[in-house]
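Input: a single structure, listed below in structure tokens.
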Amino acid sequence: MSAATGTTGVEGFGAPLPRDFYLQDTVAAARALINCVLIYAGPDGLTAGRISETEAYTRDDPACHAYRRRTARNETMFGPPGHAYIYFTYGMHHCFNAVTAPEGIAEAVLVRAVEPLAGLELMRQRRGLSSKAGMPGRHPATETERARMREGVALCGGPGRLCQAFGLSRAQNGSDLTEAASLWIAPPRAAVGPPDPEAVVATRRIGISQGVERPWRFYLRNDPYISRR
DNA sequence: ATCTCGATAGTCT
DNA sequence: GACTATCGAGATC
């Protein structure tokens, strides 16, 4: 067991979701990934977070990178399901996706935000944010909790932010998410459970100019850990 | 709270 | 040459 080292193994976050999870309908997968846990045990430490915001991209969707044709950039979307599609955009940001649909069919779920669960100090370093050491218990519990939420959003509230906080880049593009080797997605923790379908909000996707009418962005009502209201 | 804009480089027309 | 599944800063209300 290497639980104490924090570099390998399941670490109490659960075994990876099976390959079949990624073979369900991509829009359904985007909903089902809410509350699941993203874990990356990288060379300099482990970070983990509860997936709080997702978007679906399908083959017949003009906003999908693979809508036009297969290229070097979108190649992993055409590969087997359950792998990471990580791309570089805007000259400075990375975005993390989970590939869905059978091999040859290019669909994926973009993870837009997570609630930080582990490795927060590492996330602060990578994001260039200070830890604000002090913060004595003088504040009301509600105020402390609000500060925790604000920091969580600053660390991982947005696709570019979460990739920076987790240390993800094109180096991890194509990683198999169904192996607990280093980058994987586990089911929701027992104390949290899968998302209540009634509580899942569906809105327009962010930052696209085509296919804007498809309500394929998902998050939980009242969840503070999202990229935008 | 909401807006506008600049940074910065890979990808595609 | 244009566009981009973004972010952060600064202006403005």
Side-chain angles (χ1 to χ4, degrees), chain A residues 22 25-31 33-34 38 47 49 51-79 81 83-101 105-116 123-130 132 146 149-175 177 183 185 201-219 222 224-229:
Chain A
Y22 301 95
D25 173 83
T26 296
V27 175
R31 289 175 163 272
L33 278 169
I34 299 291
L38 176 65
T47 46
I51 294 173
S52 50
E53 179 182 344
T54 61
E55 287 179 357
Y57 289 86
T58 65
R59 63 179 172 284
D60 62 342
D61 165 16
C64 181
H65 282 176
Y67 178 65
R68 290 182 173 278
R69 75 186 105 269
R70 189 169 183 155
T71 67
R73 183 208 205 189
N74 62 33
E75 181 62 28
T76 66
M77 283 187 90
F78 285 87
H83 287 247
Y85 169 48
I86 301 175
Y87 65 88
F88 182 69
T89 190
Y90 287 107
M92 59 184 88
H93 298 295
H94 295 272
C95 292
F96 168 84
N97 301 252
V99 173
T100 54
I105 298 178
E107 307 199 344
V109 176
L110 170 69
V111 177
R112 287 193 55 89
V114 309
E115 170 192 357
M123 293 181 184
R124 290 183 193 105
Q125 289 171 18
R126 290 171 175 154
R127 293 272 301 124
L129 303 177
S130 63
K132 295 195 165 76
R146 285 156 71 91
M149 290 172 176
R150 278 196 305 274
E151 188 192 31
V153 172
L155 290 173
C156 296
R161 287 174 175 178
L162 84 85
C163 279
Q164 187 178 28
F166 275 67
L168 296 175
S169 70
R170 278 171 294 186
Q172 288 76 41
N173 182 38
S175 298
L177 298 172
L183 178 62
I185 300 176
V201 181
T203 72
R204 298 182 155 201
R205 293 169 292 176
I206 305 280
I208 57 170
S209 55
Q210 298 175 77
V212 288
E213 70 288 349
R214 304 185 186 208
W216 288 350
R217 174 187 181 225
F218 303 104
Y219 58 88
N222 299 327
Y225 297 99
I226 61 175
S227 60
R228 291 204 221 169
R229 285 277 144 212

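In what follows, chains are A, B, ... by sequence order, proteins preceding strands, each numbered from 1.
Distance A:N74 CG to B:dC12 P: 7 Å, rounded to the nearest Å. As rounded to whole Å, 14 Å separates atom P of C:dT4 from atom CZ of A:R205. The separation between A:I206 atom CD1 and C:dT6 atom C1' is 11 Å, rounded to whole Å. One interatomic measurement links the two molecules: CG of A:N97 to C1' of C:dT6, which rounds to 14 Å at whole-angstrom precision. A:L155 has its CG atom 13 Å from the P atom of C:dC7, to the nearest Å. We find that OH of A:Y57 is positioned 12 Å from C1' of C:dT4, with the value rounded to whole Å. Distance A:R228 CZ to C:dA5 P: 13 Å, rounded to the nearest Å. Nucleotide B:dG10 holds its C1' atom 7 Å from the CZ atom of A:R170, rounded to whole Å.
When the options A:I206, A:V201, A:I208 are evaluated for a side-chain contact (heavy atoms from CB on, under 4.5 Å) with A:R217, the one that passes is A:I206.
Listed nucleotides: B:dG10, C:dG8, B:dC12. Nearest to the side chain of A:R127: C:dG8.
Judged as a side chain to side chain contact (heavy atoms under 4.5 Å, CB included), and not counting sequence neighbours, the contacts of A:A101 are A:I105, A:E107. Evaluation of the salt bridge (Lys or Arg N to Asp or Glu O under 4.0 Å) rule for A:R124 yields A:E121, A:E151 as partners, not counting sequence neighbours. Not counting sequence neighbours, A:R170 has no partner by the side chain to side chain donor-acceptor pair (under 3.5 Å) test. In terms of the side chain to side chain donor-acceptor pair (under 3.5 Å) criterion, A:S175 has no residue partners (sequence neighbours excluded). In this structure A:S169 satisfies the side chain to side chain donor-acceptor pair (under 3.5 Å) test with no other residue, sequence neighbours excluded. Legend: residues meeting ring-ring contact (aromatic ring centres under 6.0 Å, His included) with A:Y87, ordered by chain and number and at least two apart, are A:H65, A:Y85. In terms of the ring-ring contact (aromatic ring centres under 6.0 Å, His included) criterion, A:Y90 has no residue partners (sequence neighbours excluded).
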Measure all distances between protein nitrogen or oxygen atoms and nitrogen or oxygen atoms of nucleotides 6-8 of chain B, and list the pairs falling under 3.5 Å.
| residue | atom | partner | partner atom | Å |
| --- | --- | --- | --- | --- |
| B:dT8 | O2 | A:Y90 | O | 2.4 |

N/O contacts under 3.5 Å, protein versus nucleotides 9-11 of chain C?
none

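Every stem involving DNA chain B, taken as at least 3 paired positions in a row under the Watson-Crick or G-U wobble test at 3.5 Å, is listed here: B:1-7 with C:6-12, B:9-12 with C:1-4.
Using a 4.0 Å cut-off, some side-chain N or O of A:T71 falls inside it from OP1 or OP2 of B:dC12.
Using a 4.0 Å heavy-atom distance criterion, A:S209 is classed as a sugar-phosphate-only contact. Across all strands shown, A:I208 has heavy atoms under 4.0 Å from sugar-phosphate atoms exclusively, and none from any base.
A:M77 is listed as a side-chain neighbour of A:C64, based on a closest heavy-atom distance under 4.5 Å.
Legend: salt bridge (charged side-chain N to carboxylate O under 4.0 Å, His left out) pairs involving residues 65-78 of chain A, not counting sequence neighbours, sorted by first then second residue: A:R70-A:E75.
Sequence order on DNA chain C of the closest nucleotides to A:Q210 and A:R161 puts A:Q210 first from the 5' end. For the pair A:E55 and A:A154, both in contact range of DNA chain C, the more 5′-proximal nearest nucleotide belongs to A:E55.
Proximity of a side-chain donor or acceptor of A:S52 to a complementary backbone N or O of A:Y225 within less than 3.5 Å is detected.
Note that A:R205 lies in the cation-pi zone of A:Y57, set by a 6.0 Å cut-off to the ring centre and a 45° limit from the axis.
Sorted by residue number, the members of residues 61-70 of chain A with any non-hydrogen atom under 4.0 Å from DNA chain C read A:A63, A:H65.
Between A:N173 atom CG and A:T76 atom OG1 the span is 4.0 Å, to the nearest 0.5 Å.
Residue A:R127 qualifies as enclosed at atom CZ: its count of foreign heavy atoms under 6.0 Å is above 12.
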